[in-house]
Amino acid sequence: AQASPIKVLTMASGLSVNVMQTVSLMGMITVRWPKVMEATSSGLQFMVLDVQSLGLECLLGSGAVARYVSVAAVFPIILTWLLTCSLASGFFPKCAPLRRFQPWTWP
């Protein structure tokens with residue numbers, strides 16, 4: 001059976017994120033890496049939700065509790081954003097200029 005284009009895109013995106021996270025984690029290991037690997041892994045630190053690499057200490061604080069809360073809050077914030085977008089898309093067909101949009105439904 002052939003995969004649909006959306007399934008291929010989903011799988012490719014998932015694999016890409018997985019590879020970027022793996023390279024980022026490998027860079028955290030205290031081993032001497034070649035310069036290219038060090039540069040690549042340091043650039044991908046955001047993939048493992050490393051708050052320190054994002055430079056948000058001035059906003060979130062530099063304590064361990066503040067770092068934990070900021071990392072733990074990412075998932076609920078993303079879910080809330082998706083739910084908000086889902087609910088907002090239900091109002092699009094009701095607005096006259098936006099009737100061409102169809103509401104998004106959960107699969």
Side-chain angles (χ1 to χ4, degrees):
Q2 283 189 321
S4 66
I6 191 70
K7 286 185 180 182
V8 171
L9 180 65
T10 303
M11 293 300 292
S13 300
L15 286 171
S16 299
V17 169
N18 188 359
V19 168
M20 287 188 280
Q21 287 177 334
T22 302
V23 170
S24 178
L25 286 173
M26 287 173 56
M28 296 174 120
I29 299 172
T30 55
V31 176
R32 291 183 52 131
W33 294 103
K35 296 291 183 193
V36 174
M37 176 63 178
E38 285 180 8
T40 303
S41 65
S42 67
L44 292 173
Q45 289 298 311
F46 71 94
M47 293 299 294
V48 291
L49 296 177
D50 186 12
V51 177
Q52 290 176 339
S53 71
L54 296 176
L56 299 176
E57 288 88 7
C58 59
L59 179 66
L60 303 172
S62 59
V65 174
R67 285 193 313 249
Y68 174 76
V69 169
S70 63
V71 171
V74 169
F75 185 68
I77 288 171
I78 291 173
L79 284 180
T80 304
W81 177 253
L82 288 175
L83 180 63
T84 303
C85 290
S86 174
L87 293 173
S89 73
F91 294 114
F92 286 160
K94 297 174 186 171
C95 298
L98 301 173
R99 287 207 173 132
R100 61 187 170 137
F101 295 110
Q102 296 297 321
W104 184 80
T105 57
W106 292 95

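Heavy atoms only, all atoms of each residue included: Ala39 and Ser42 are closest at O-OG, 3.0 Å. When all heavy atoms of Met26 and Trp33 are compared, the pair lying nearest together is O-NE1, 3.2 Å.
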Stepwise side-chain contact (heavy atoms from CB on, under 4.5 Å) test for Met37 and Val23: CA-CA 8 Å; Met37 176 63 178; Val23 170; 4.1 Å; yes
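Among residues two or more places apart in sequence or in another chain, the side-chain contact (heavy atoms from CB on, under 4.5 Å) test is passed with Ser24 by Leu44, Gln45, Val48. Remark: Val36 pairs with Thr40 by the side-chain contact (heavy atoms from CB on, under 4.5 Å) rule, at least two apart or across chains. Under the rule for a side-chain contact (heavy atoms from CB on, under 4.5 Å), the partners of Ile78 that lie at least two apart in sequence or sit in another chain are Val74, Leu82. For Thr80, the side-chain contact (heavy atoms from CB on, under 4.5 Å) partners two or more places apart in sequence, or in a different chain, are Thr84. A search for side chain to side chain donor-acceptor pair (under 3.5 Å) contacts involving Thr22 returns Asn18, not counting sequence neighbours.
Hydrophobic side-chain contacts under 4.5 Å tie Leu79 into a cluster, directly or through other members, with Phe75.
When atom types are taken as modelled, the side chain of Trp81 and the backbone of Pro76 share no donor-acceptor pair closer than 3.5 angstrom.
Atom OG in Ser16 sits 11.0 Å away from atom CE in Met11 (nearest 0.5 Å).
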